[in-house]
A.B. asks: 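Take a look at the following structure, please.
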Amino acid sequence: MLHRRRTPRAFFDYADSGSYNEETLRANRVDLEALKLRQKVLVDVSARSLATTVVGQKIAAPLILAPVGLTGMQHGDGEILAARAANAAGIPYTLSTMSICSIEDVAEATAKPFWFQLYVIKDRGFSKAILDRAAEARCNALVLTVDLQVLGQRHRDIKNGMTVPPQIRIRNIIDVASKPAWAWSILKGKRKTFGNLAGQVQGMENVNSLAAWIAQQFDPALSWKDVEWIKNIWPGKLILKGILDVDDAKTAAALGADAIVVSNHGGRQLDGAPSSISMLPKVADAVGNDIEVLFDGGIRTGADILRALALGARACMIGRAYIHGLGAGGQAGVAKAIEILVKELDVAMALTGSNRVGDIGRDMIVGMEAKKPRTVKRTRKKMAE
Ligand code: GLV
């Protein structure tokens, strides 16, 4: 894989890894592939459109770039490049709290609003301040990640001594020396450390390991009360990412969040949790009429997007699928990854007899023909306004 060849091992592995035995990481893919699509012929599919809306925003395809920590270590200015590729494709980009480029860097370098992802740390003053910065930068949706109060261990990160910037070890020096294009892109890039956090959070001056930082700063006491607090202080749309349980989905809907992302953090958190796709229909059945249901976890092809839409998702987030493109080819690599997925989704729609993403129902999955079609989304009055 080009990303693997072009990027130092520590950063490739960071993106590629799941937690512990990677059972959930594998289940995400296995369970998606097990869903077989129902081939439907001789349907007029000459008027296909992939356009849809998410949290009231028009998007060109049911696809969103997920927040990914350390994106700017996969390629210099990676966050800016990915945001630009998303803008050009007409889909949202989500900037991680743990990004290298700061909120302001991305806002300055891009023309369209992007989404901001929040991790809540113990210092609530910092959380409030970063939300103010995101609002100031015209971020129009907040993705609150709720499944990472503590970090699921990724064995390869420990083995590689993954730090930002890379640790000076003989092994790392040899690795970086063999990746000159990467090194040059990082040298030219705006920043070499966590852009949103550097100089802003007390006690992090000497912490350059992501795992150590999370252990020190993330708040394990985070609860639904904090979600209410954030909902009150954040002026835009609120999306809760990391919901994998029907009861949690109902609580999120009752609290008035605008959307949830059915997600197990790409198999990077609770190893042994079910695949995202296996939980999606249960969650969609429970809350699909009350809140928008988004999905992530193992999307690698356009057919995967169609599978998730069929089981009740309104749109899918991709993480690794675009990070591999970024590591392989910068902005053009991200654009290519998006283009491939969109093209594949278009073909899959045509060959399953669908003209619009709203036509994609559960009956498109073999074995689910008799099951009810996809729930009608967003009947809540609030969203109609
Ligand atoms: C943090 O967001 C991670 O998954 O590494």
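In this chain, numbering begins with 1 at the start of the sequence shown. Order of appearance sets the numbers: ligands from 1, and atoms from 1 within every ligand. All values derive from a computational prediction rather than experimental measurement.
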A.B. asks: Quick one about T145 and Q117 (side-chain donor to acceptor, distance below 3.5 Å, no hydrogens or angles considered), yes or no?
C.D. replies: yes
A.B. asks: Taking atom types as modelled, is there a side-chain donor on D105 or S102 under 3.5 Å from an acceptor on the other?
C.D. replies: yes
A.B. asks: Indicate yes or no: at least one non-hydrogen side-chain atom of D175 is less than 4.5 angstrom from one of S178.
C.D. replies: yes
A.B. asks: Between S17 and D157, does any side-chain donor sit less than 3.5 Å from a side-chain acceptor?
C.D. replies: no
A.B. asks: Give the protein residues with at least one non-hydrogen atom closer than 4.0 Å to an atom of ligand 1, ordered by chain and number.
C.D. replies: Y14, Y119, L148, R154, H265, R268
A.B. asks: Any Lys/Arg nitrogen of D304 or R29 sitting under 4.0 Å from an Asp/Glu carboxylate oxygen of the other?
C.D. replies: yes
A.B. asks: In terms of side-chain heavy atoms, does S19 have a donor or acceptor partner in R268 at a distance below 3.5 Å?
C.D. replies: no
